[in-house]
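These notes are about the structure you will find just below.
Letters go in sequence order (proteins before strands), and every chain restarts at 1. This is a predicted model, so every value here is computed, not measured.
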Amino acid sequence: MKRIKYHAVVDSGLLDIFQTGIQRWYRQEGRDLPWRHTTDPYHILVSEILLHQTTVKTVEPVYRRFLERFPTVTDLANASLTEVKTITDPLGYKIRGQWLHQIAQAVVSQFSGVFPRTLEELLSLPGIGRYTAGAIMSFAFGYDAPILDTNVNRLIGRYFAIDYKDSSAETKHQLWSIAEAIVPSGQAREFNNALMDMGAMICTARKPKCLICPVAVGCAMLAEQPTRAAEERVQYRLRTE
DNA sequence: AAAGCGGGGTC
DNA sequence: GACCCAGCTTT
């Protein structure tokens, strides 16, 4: 079965500015966060689920508490749902405690305690969508997998002149396609972290800090002719797979 | 495509 | 009071 899809081809000059600027900035200004000291997929999973629509500052203490109480995926699988929820419910979106519990039990029973290493398998687990699957693939396993969270969505949308608030399938596909196209080979772990820090610290939702932005020179938001910018920045070409 | 889930923070 | 936060599932 042959499927036809479009994939993004980004202007090489703009891509170089973007990748180089962001990586250099990240090595200097990037945040030091607890889940960046590990590549354990279980730890990455816990951090990502807790971070759904929840600020880093709020999650940090809960993340530490959670892993202190449930150090391994087996510990979590054997725990009671009630105790799990005691830790996670105060964050809101209370279904997340159940998701983590179910995922842990699935990893133990269906995957023999070995964390799945493919997007397809990860996506089959409750509470793991396209973003979280990409995060585990890149942060835990180091694969060249793209991510698109609210930070990256906004950053890429602004830089490449895409209406990132539009929820249509076409727009979402374009943004994912760009997120995939810009990952530097073999460097997804660092690059994806850099993208999120840029979105969280520079390209913020309100009052973005364009004056100190390392990629402002290439950004469509600051371009002189924004209406023409889009088609000159990214092309979409057919791909058969 | 849009609603629902949610506590906590900012402006 | 409106908007935002390392999203996902259901309708």
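For an aromatic pair to be called close, the ring centres must be under 6.0 Å apart, and A:Phe70 with A:Phe66 satisfies this.
Look at the P atom in both B:dG6 and C:dT11: the space between them is 15 Å, to the nearest Å. On the C1' atoms, C:dA6 is 23 Å away from B:dC11, given to the nearest whole Å. Comparing the C1' positions of B:dC5 and C:dC5 gives an interatomic distance of 14 Å, to the nearest angstrom. Using atom P as the reference point in both C:dC8 and B:dG9, the two lie 24 Å apart (nearest Å). To the nearest whole angstrom, the two P atoms, one in C:dC3 and one in B:dA3, are 14 Å apart.
Within the 4.0 Å cut-off from OP1 or OP2 of B:dC5, not a single side-chain nitrogen or oxygen of A:Arg96 is found. Proximity of A:Thr150 to the phosphate of C:dC4: no side-chain N or O atom is located under 4.0 Å from OP1 or OP2.
Of the candidates B:dC11, C:dA6, C:dC8, the closest approach to any side-chain atom of A:Thr132 belongs to C:dC8. For A:Arg206, whose side chain is taken as the heavy atoms from C-beta onward, the closest listed nucleotide among B:dA1, C:dC5, C:dC3 is C:dC3. Here the side chain of A:His52 is nearest to one of C:dC8, B:dA1, C:dA6, namely C:dC8. Picking from C:dG7, B:dG6, B:dA1 the nucleotide with the shortest atom distance to the side chain of A:Thr54 gives B:dG6.
A donor-acceptor contact under 3.5 angstrom links the side-chain atoms of A:Arg31 to the base of C:dA6.
Position along DNA chain C of the nearest nucleotide to A:Asp197 versus A:Pro126 favours A:Asp197 as the more 5'-ward residue. Taking the nucleotide of DNA chain C with the nearest heavy atom to each of A:Leu123 and A:Thr55, the more 5' of the two is matched to A:Thr55.
Summarising the geometry, the separation between NZ on A:Lys207 and P on C:dC5 is reported as 16 Å, rounded to the nearest angstrom. The CD-P distance, from A:Glu48 to C:dG7, rounds to 9 Å in whole Å. The separation between A:Gln53 atom CD and C:dT9 atom C1' is 13 Å, rounded to whole Å.
Heavy atoms of A:Ser168 sit under 4.0 angstrom from primed sugar atoms or phosphate atoms, though from no base atom.
Ring orientation note: the planes of A:His52 and A:Trp99 are nearly perpendicular, at an angle over 60° on the 30°/60° scale.
The number of heavy atoms from other shown groups lying within 6.0 Å of CZ (A:Arg31) is above 12.
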